[in-house]
Every structure is written in structure tokens, then in C-alpha cells.
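Predicted, not measured: the structure shown is a model, and the values here were computed from it. Worth knowing before you read on, the calculation uses all heavy atoms, side chains too, and leaves out hydrogens, waters and symmetry mates.
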Amino acid sequence: MFEDSLMESGGQIKTKSKYWMIATFVFNAAILVTMILIPLLYPEALPKTAMTAMLSAPPPPPPPPPPPPPAEIVKPVKMVSEIDAGLHAPTKIPKDIKMLKEDAAPPTNMAGVAGMSGMGGAGGVLGGVMGGMGTAPPVVQRAAPKPTGPQRVSSGTMAGMLIVRPDPVYPPIAKAAHVQGAVILHAMISKTGTIEDLKVVSGPQMLSGAAVDAVKRWKYKPYLLNGEPTEVDTTITVNFTFGAN
């Protein structure tokens, strides 16, 4: 009996749960369909914010940037100089060319000035003075300046102007030592031709004293520059050889 009761109750439970599941599915499906159809049939039932979000169009894209301004076109400026503006090539070559002849300038009359003849005889003086203005002034020749200071003269020129020339004495000690050569002296000659100053420039020392003693007694003709005697700055060479006394 217990088993029969269990079998009967189990069949009833299965039958009730089957109907219950079908009813639940139908109810849920009706709710879902209602929620889908209400917004479509009655759009005013939805919130305004949701409708605005759904129906508002997206903002337009920003406008493109303006194009850059066109670069200024620099027009070349033709420079015309003042000389070129006045010189133009002729468009047509003329057949006859006229020669322009200029009149000669009137001669100037420098004999005198009108209205000056009655001034106490001054008309003749003025006429002579004005008449002589056309002549060139006389050339004034200046005298050459007189030389100042000693003049540099070559030794060869002064050698030809010697008047008195005693020979130097060969030192015996230099002869014994077989010393010979040339002694060069720097000399200052006065306006009268005498030796004023004498210095040894080069040469053997054994022969320098004898050369100075001899040249101090030499005498020259006065050296003239522009007709005036002047002092002379020169060099003198004295040669010593074994043949000299």
C-alpha cells in the first residue's frame, strides 16, 4: 500500500510541475514582449533624457582652417636713368642734315671805360692800364738758393781737383813687417780747399798714421756749386806699396 501511495503521489507531482513551468514561461514571455512593445507604441513614456540622447544628432565636425593668404606678387620696376630718358634713337633717319653754325663772340674792347675821360686826365692812364691787361705778366726769375752745409762729392771728382799732394812716408816698421794695402779716410774739405776734418775708415793700423799725416797737408781747388764755393764731404784712399818711399 505504501508503495502504491508513493507511485500515485509521484505522478501527481510531475504533472503539476510541468504545468507550472509552462505557465511561468508564458508569463515571463508576456512581460518581455510588453517591455519591448511599450517604447515602440508609446515613445512619450520613455524619459526625456533617453529620447534626447537617442534622437539628437552628433555635433558637426569643426570647419576646415582658412586657406593661407596669397603671396604678394612683386612686379619688376624698370629703372630709367635721367640720361637714358633724354636720349632716344631716332625713329626715322632724315634725308637732309642741317649744319649749325655758331656766331663768333664779339671782340672785347679794353681800351678804356666810358665816362672816365673827364676825370682830370685819368682817362689816358686808365686806358693805358686797361689796354695792357691783355698782355702776359713778366716772368720773375728767382735766384738759385745758396748751398747750405757740406755737399757730398765722389772721391774721383775730388782727386782731379788736387793742387798740393805730398806723398805719405812709408813707416819703416810696416816695411819690415811687409805690411801694405789701402787706407780709406773720411775727409771734410773747406770752402778754400783745405782739410778740416779727417777720420780713418778702414786700412792697416801700421799705415793709418802715415796716411793721416800726409793727407792733412793736401790742398784742393774750391768746389763751386751754382758759382759759390762750398764745403765738401768725401772719402780719400791712400795706397801703400813696397815701391813707395
Side-chain angles (χ1 to χ4, degrees), residues 79 81-84 86-87 102 104-105 107-113 122 124-245:
M79 301 297 292
S81 63
E82 295 180 359
I83 299 176
D84 295 338
L87 300 176
E102 297 181 356
T108 56
N109 186 8
M110 301 298 292
V113 181
V125 177
L126 289 175
V129 174
M130 298 298 289
M133 289 181 65
T135 60
V139 179
V140 179
Q141 295 183 353
R142 295 184 179 180
K146 293 184 179 181
T148 57
Q151 301 296 315
R152 181 69 180 175
V153 183
S154 65
S155 60
T157 302
M158 296 307 298
M161 300 180 68
L162 268 172
I163 301 174
V164 178
R165 181 181 179 179
D167 294 331
V169 178
Y170 210 117
I173 189 171
K175 269 188 177 182
H178 298 280
V179 177
Q180 63 180 355
V183 178
I184 300 176
L185 306 174
H186 177 261
M188 298 291 294
I189 303 174
S190 67
K191 295 180 181 180
T192 58
T194 58
I195 302 295
E196 289 185 345
D197 189 14
L198 202 61
K199 294 180 180 179
V200 178
V201 178
S202 63
Q205 189 174 3
M206 290 183 180
L207 305 174
S208 300
V212 171
D213 292 340
V215 173
K216 282 182 179 180
R217 294 176 291 163
W218 288 5
K219 188 174 179 61
Y220 293 85
K221 294 179 182 179
Y223 183 79
L224 301 178
L225 183 63
N226 296 328
E228 295 288 337
T230 182
E231 296 179 346
V232 173
D233 179 0
T234 187
T235 56
I236 300 173
T237 302
V238 181
N239 294 312
F240 287 86
T241 59
F242 290 121
N245 293 331

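Applying the 6.0 Å contact sphere to CD1 of I163 captures more than 12 heavy atoms from other residues, nucleotides or ligands. Heavy-atom contacts from other residues, nucleotides or ligands closer than 6.0 Å to NZ of K191 number 12 or fewer.
Shown here for L207 and G181, the closest heavy-atom pair between the two residues is CD1-N, 4.0 Å. Taking all atoms of both residues into account, the shortest heavy-atom contact from V183 to P204 is CG2-CD, 4.2 Å.
Not counting sequence neighbours, the partners of S190 by the side chain to side chain donor-acceptor pair (under 3.5 Å) test are T192, T194. Legend: residues meeting salt bridge (Lys or Arg N to Asp or Glu O under 4.0 Å) with D213, ordered by chain and number and at least two apart, are absent.
Side-chain contact between T235 and V201: absent, with no pair of heavy atoms (C-beta onward) separated by less than 4.5 Å. Looking at L185 and V212, their side chains come closer than 4.5 Å, going by heavy atoms from C-beta outward. Using a 4.5 Å heavy-atom threshold, the side chains of E196 and I189 count as separate. A heavy-atom distance below 4.5 Å is found between the side chains of V200 and S208.
Separating the CD atom in E231 from the CD atom in Q151 is a distance of 9.5 Å, to the nearest 0.5 Å. Distance check: M206 CE to Q180 CD gives 13.5 Å after rounding to the nearest 0.5 Å. Distance NZ/K221 to CG/L162: 10.0 Å, rounded to 0.5 Å. Atom CG of D233 sits about 10.5 Å away from atom CE of M158, to the nearest 0.5 Å. Separating the OG1 atom in T230 from the CG atom in L225 is a distance of 6.0 Å, to the nearest 0.5 Å.
Of the possible polar contacts, one joining the T234 side chain to the V153 backbone as a donor-acceptor pair under 3.5 Å is found.
Among residues at least two apart or in separate chains, ring pair (Phe, Tyr, Trp, His ring centres under 6.0 Å) pairs with a member in residues 176-235 are H178-F242.
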